[in-house]
Number of protein chains: 2
Amino acid sequence: MAHVHEVPADLTRNQGLVLGALNRSSGPLSAYDILDRLREDGLRAPLQVYRALDKLVERGLAHRLESLNAFVACADEHCHRKGLIAFAICEGCGKVDEFADAVIEERLGNWAGAKGFKVERTTMEIRGKCAECLKLAA
Amino acid sequence: MAHVHEVPADLTRNQGLVLGALNRSSGPLSAYDILDRLREDGLRAPLQVYRALDKLVERGLAHRLESLNAFVACADEHCHRKGLIAFAICEGCGKVDEFADAVIEERLGNWAGAKGFKVERTTMEIRGKCAECLKLAA
DNA sequence: TTTCAATACGTTATAGCATAACACTGCCGC
DNA sequence: GCGGCAGTGTTATGCTATAACGTATTGAAA
Ligand SMILES: [Zn+2]
Ligand SMILES: [Zn+2]
Ligand SMILES: [Zn+2]
Ligand SMILES: [Zn+2]
């Protein structure tokens, strides 16, 4: 199990609930998944979840996985949105591994510099099978 | 304007129409955008477009941009789905630049090798502003 | 040539993801 | 107090994608 951030004290109620749901999950959750898990806590509409997610993602406490239309809690102790983050997503068990790579970041920076392109954010998602799932399938 | 593939002869009617629409567009199109542009040609349902897109993407003639839920025609003469492809998407004008980087690919390969992760496909999308749009804003 | 499998097609209905618009609340600085 | 700002709650709506059905076409195997 990867590192789990302590929950910052200044989150609002809804933000705390949503981050809690993400932290308790073993894999990515869609906004509607989250909503379903928080109905008992009083959440009723998708927008309540999306608004909380926006803030969490903005602060680097959660990440959006574009290729899944889903979200995960940040699993990297040092992450908090400095620099490029890559995700490896297992199609077998759904687990997500989060990592950073300075060389890749530099490489992208070079490309952007050469083209005069100003990078605002980068999505990098690897889909495949994790070691455990490969072992099981063998 | 980037290179445009000649349209392979063995495409079905619907596939040809969809690829045509993508080729004529200056930017990414959603499946529903494509549908709207092809109603005159007889297309009526999203599924007709999605099915064609599936085949085109499979063959490397088009690409899906996960962060936009949209599609582009392949713009790289050599592309055809060998290896990792990265996309730089301008938030200003919508233009998409497609490129490959062997170093990044190798780097990801290394990470995957070390983790025992089997890569099946990779999404890499840079969002930002292209040189032209930056010039205009200045 | 019949038969069978594979592939594409057309249509309706439905599921899943995301935001617009509006009203209201509580908080903090002025 | 007042004005601004961030958060909230709610309803309605829009966009993206697939399920499930049946039909048509094609191209080999039998
Ligand atoms: Zn993180
Ligand atoms: Zn796995
Ligand atoms: Zn391409
Ligand atoms: Zn631009």
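Below, read A as the first sequence line, B as the second, and so on, with proteins coming before strands; counting in each chain starts at 1.
- In this structure, the separation between CD1 on A:Ile85 and CZ on A:Arg121 is 12.0 Å, given to the nearest 0.5 Å.
- Comparing B:Asn14 and A:Ala70, the nucleotide of DNA chain C nearest to each residue sits closer to the 5' end for B:Asn14.
- Between A:Gln48 and the phosphate of D:dT8, there is no side-chain N or O to OP1/OP2 separation shorter than 4.0 Å.
- Atom CG in A:Leu11 sits roughly 16 Å away from atom P in D:dA6 (whole-Å rounding).
- Environment of CD in A:Glu120: crowded, with over 12 heavy atoms of neighbouring residues, nucleotides or ligands closer than 6.0 Å.
- Taking the side chain of A:Leu47 as heavy atoms from C-beta on, and the options D:dT10, D:dT18, C:dG10, the nearest nucleotide is D:dT10.
- The interatomic distance linking B:Asp54 (CG) with D:dT16 (P) rounds to 16 Å, in whole Å.
- If you check every strand for non-hydrogen atoms under 4.0 Å, B:Ala45 touches a base.
- The distance from atom CG of B:Leu53 to atom C1' of C:dA8 is 15 Å, rounded to the nearest whole Å.
- The side chain of A:Leu43 lies closest to D:dG9 when the candidates are D:dT10, D:dG9, C:dC17.
- In this entry the distance linking NZ of B:Lys55 with P of C:dA8 reads 4 Å, nearest Å.
- Among the nucleotides C:dA18, C:dC9, C:dT11, the one closest to any side-chain atom of B:Thr12 is C:dC9.
- The heavy-atom pair separating A:Ala62 from A:Leu22 by the smallest distance is CB-CD1, 3.9 Å.
- The side chain of A:Ser30 contributes no N or O atom lying less than 4.0 Å from OP1 or OP2 of C:dG16.
- In this structure, CG of A:Leu17 is placed 15 Å from P of D:dG7, rounded to the nearest angstrom.
- Each of B:Ala52 and B:Asn69 lies near DNA chain C, and the nucleotide nearest B:Ala52 is the one positioned closer to the 5' end.
- Distance, A:Asp41 CG to D:dG9 P: 12 Å, rounded to whole Å.
- B:Tyr32 places its OH atom 14 Å from the P atom of C:dC17, with the value rounded to the nearest Å.
- Summary of the strand contacts: B:Arg51 and B:Arg64 both lie near DNA chain D, and taking for each the nucleotide with the nearest heavy atom, the more 5' one is attributed to B:Arg64.
- Rounded to whole angstrom, the span from the CG atom of B:Leu29 across to the P atom of D:dT16 amounts to 11 Å.
- Under the 30°/60° scheme for interplanar angles, the aromatic rings of A:Tyr50 and A:Tyr32 are found to stand perpendicular.
- For the pair B:Glu125 (side chain) and B:Ser67 (backbone), a donor-acceptor distance under 3.5 Å is present.
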